[in-house]
There are 2 protein chains.
Amino acid sequence: MSEGYLPSPTERPAVSVDVVIFSLREGDLKVLLIRRAAPPFKGKWAIPGGFVRANESLEEAALRELEEETGVQEVYLEQLYTFGEPKRDPRGRIITVAYFALVVDDVSTHAGAEASETQWHSMHALPELAFDHAEILKYALQRLRYKLEYTAVGFELLPNEFTLTELQTAYEIVLGETLDKRNFRRRIQDAEVLSETNRYREGDGQGRPAKLYRYKKNATTEVKARRLFP
Amino acid sequence: MSEGYLPSPTERPAVSVDVVIFSLREGDLKVLLIRRAAPPFKGKWAIPGGFVRANESLEEAALRELEEETGVQEVYLEQLYTFGEPKRDPRGRIITVAYFALVVDDVSTHAGAEASETQWHSMHALPELAFDHAEILKYALQRLRYKLEYTAVGFELLPNEFTLTELQTAYEIVLGETLDKRNFRRRIQDAEVLSETNRYREGDGQGRPAKLYRYKKNATTEVKARRLFP
DNA sequence: CCAAAAGTGTTGGTTTTACACCCATGG
DNA sequence: CCATGGGTGTAAAACCAACACTTTTGG
């Protein structure tokens, strides 16, 4: 920023944030989309988003959108990329800062999503998307997979307590490949990001009850940069 | 982007791009900075940048800034992060999309930098910086180091033809650590991103002349996601 | 022939992958 | 007692880190 003048207001683009909200539901990786009620792209599906307000940071704007759509409180939220092609929105110059969020499939998540035009869609069967949102989703999935392999972010998709099999299944769903049970467990244990509880998942159908684990909150950063699942 | 209205022009933030331009010079990792001639932060150093014009993409804006400052043609350019704290610029709401660029230390680079207030600064001895630019530089260095370890981006800091020792030295300067010559060479060879020329670096002082290599342009992406220097 | 930089392999340790059986519970 | 899912170890292969000498050139 070396120039000494500010562009006149009419030369300014609008700035929005769009939040790619991922969740594991019904054994699938889903993303929350909103059906557009008005042109452009009326009837097409879009990533939730909105304009950045004068006195909020980008992250605050993203959290606000997230809460409006899902009612969630604690989430993993990370800035993804900024999309700014001049023609990406036919209404005018709109630059969007995309974020991605991971939310847990529990009751609180359903709260805000009462609008019938807000729905979870499988990442494997996406509808037609508005604007450049297909590109944004593609980028987000790539980043999520990458993050999952290199950091301990997978826990953000599960409730506080979970079994190792549930965790492995979460990884398998997102990565789209099966993992070896023993190797998976060894890596997770070696990463020292879990603590055992003395509770078990009971009455869960057949079979031996599985021990419940929790994620150690403070462990996240340490795991970064060390490959979890090479 | 679900909302059907656009914010009125007066509610809109200004959007700039700032480009962190790295180069290897005098055996050191340097960044191009501009001394601010006017308030705010008059006399402090800043990352080159400017406002995004109505009909250019973010990347085009970044390339334009880069060319204005350095006159360079081909460079490595990558979007870094978008900084948007409401108070980051005392003149008003300015959201900046930061990029980072790698340029080669050759004559063409000096062309545009005639302004006496544009100077290369060592990343190890940074002056006082304007705005949140210290944070942006910190982030950029982190990303550069990371990229260097995981991808074949190091070649972007060297001229078309270079010796393996020059390449190793480039890596050592950026990473801030020494590397083992034999292991380094093995990894580079195994990555199959270089092609030999039949020329040698001659009259370069003492010693046996070193073979010159070139980077295979198409090889970049293949190397991604496979750790080059763990 | 000396100084300077280029170039080249091996070994031991660690990490990763592939793989199969016994355990605890509920019905 | 059987069906279901939970839990556990080992061996071979791949990979990584540490390490020192010979080659080529110019002066």
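So that the names make sense, note that chain A is the first sequence line, chain B the second, and so on, each numbered from 1.
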Please identify each residue that fulfils side-chain hydrogen bond (donor to acceptor under 3.5 Å, both in side chains) with [X], with sequence neighbours left out.
X	answer
K211(A)	E196(A)
E26(A)	K30(A)
R208(A)	none

What residues, two or more places apart in sequence or in another chain, satisfy side-chain contact (heavy atoms from CB on, under 4.5 Å) together with F41(A)?
R36(A), K44(A), P90(A), A130(A), F131(A)
For T197(A), which residues count as a side-chain contact (heavy atoms from CB on, under 4.5 Å) partner, sequence neighbours excluded?
E161(A), R199(A), L212(A), R214(A)
Please report the distance, rounded to the nearest Å, between [atom1] in [X] and [atom2] in [N].
X	N	atom1	atom2	answer
E166(A)	dG5(D)	CD	P	13 Å
Q189(B)	dA6(C)	CD	C1'	13 Å
K211(A)	dT25(C)	NZ	P	12 Å
R201(A)	dG5(D)	CZ	C1'	13 Å
E149(B)	dC16(D)	CD	P	13 Å
F184(B)	dG7(C)	CZ	P	12 Å
R185(A)	dT16(C)	CZ	C1'	19 Å
E196(A)	dG7(D)	CD	P	9 Å

Heavy atoms under 4.0 Å, any strand shown: does T163(B) hit a base, just sugar-phosphate, or nothing?
nothing
Going by the ring pair (Phe, Tyr, Trp, His ring centres under 6.0 Å) test, name the single residue among F100(B), Y99(B), Y81(B) that passes it with Y139(B).
Y81(B)
T165(A) side chain N/O closer than 4.0 Å to the phosphate oxygens (OP1, OP2) of dG6(D)?
yes
Which parts of nucleotides 18-27 of chain D does protein reach within less than 4.0 Å, heavy atoms only, written one letter per nucleotide 5' to 3' as B for base, S for sugar-phosphate only and - for none?
BBB--BBB-S
